[in-house]
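Step one of this worksheet: look at the structure below.
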Amino acid sequence: MRRQVYMTTAAVMAAMLFASACSKKNEPAPTASSQTETATEPAAKPSETETAQDQTEAPKESARYHMLQGTITRAEEDGSVFTLQADDGKDYDIRLSDICDVETQIAPDVQIAIAYIGDPLGDLEDVDLVVALPEQEEWTIITEEGTTTANAMSSFTMETADGRELSFIKDNCPIEDGALSSDSGDKVKVTYVTSDETNFPVEIRKGE
């Protein structure tokens, strides 16, 4: 009787081992493609809103600054009022007192360029006319950040983030309150027009 029990138990154990071996044999091995898919799962893409924001933030800064270029067709004897026939085909009647700084002759047939702040021109009342300069094709508008190294009554010098030194005359230039509050050491952001290493500031703001 005891021998029969031993034989029955052995038969059951053998059946269990056989079933386990079959189960492992039939289980599919992981494929190379499934392993690759897991390892190379792509990172989450930025949302459309984030992408659009990144693309529009940079242009907003430069879109505030423009050059109005053209030829003076008429001017009062004292130059207090003149008409500018601009390159955009429009005529603008401009009072000299509306321009913060004039660095060129105001007379008929003289070509000038006026740096201004605001939206592209439609009405002169909606913009700030900052500096009138001799017209040149190579006038460029640039924004630089840096730290002031000197600050006098009518001029200042700054060192840019990459170590260059720039000097500016700041007469009548729009300046944000507190942007130039010390003799040196102020963090500033300066937008200016430049040509042949001559720089005229258009706006001076606090830096970060």
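Please read these numbers as outputs of a predicted model, since none were measured by experiment.
- A salt bridge between K189 and E203 is absent, with no side-chain N of the basic residue lying under 4.0 Å from a carboxylate O of the acidic one.
- Enclosure of atom CD1 in I175 by more than 12 non-hydrogen atoms of other residues, nucleotides or ligands within 6.0 angstrom is indicated.
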Worksheet item: salt bridge (charged side-chain N to carboxylate O under 4.0 Å, His left out) between K90 and D88: does it pass, once the steps are laid out?
Response: CA-CA 6 Å; K90 298 179 182 178; D88 62 9; 5.1 Å; no

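- Ion pairing between R74 and E76 holds under the 4.0 Å rule for side-chain N and carboxylate O.
- Side-chain contact, T83 with D93: a donor N or O sits under 3.5 Å from an acceptor N or O.
- Nearest approach of V130 to C100, heavy atoms of both residues: O-CB, 3.1 Å.
- Looking at every heavy atom in both residues, T73 comes nearest to P108 through O-CB, 4.4 Å.
- V193 and I169 are not part of a single hydrophobic cluster, where members link through side-chain heavy atoms under 4.5 Å apart.
- Cluster annotation: W139 is not connected to F168 through the hydrophobic network of ILVMFWY side chains, with a link wherever side-chain heavy atoms come within less than 4.5 Å.
- For D87, the CG atom counts as densely surrounded, since its 6.0 Å shell holds more than 12 non-hydrogen atoms of other residues, nucleotides or ligands.
- Taking every heavy atom of both residues into account, V110 and Q105 meet most closely at CG1-O, 3.5 Å.
- A heavy-atom distance below 4.5 Å is found between the side chains of I112 and F82.
- With a 6.0 Å radius and a threshold of 12 heavy atoms from other residues, nucleotides or ligands, D109 has its CG atom at or below the threshold.
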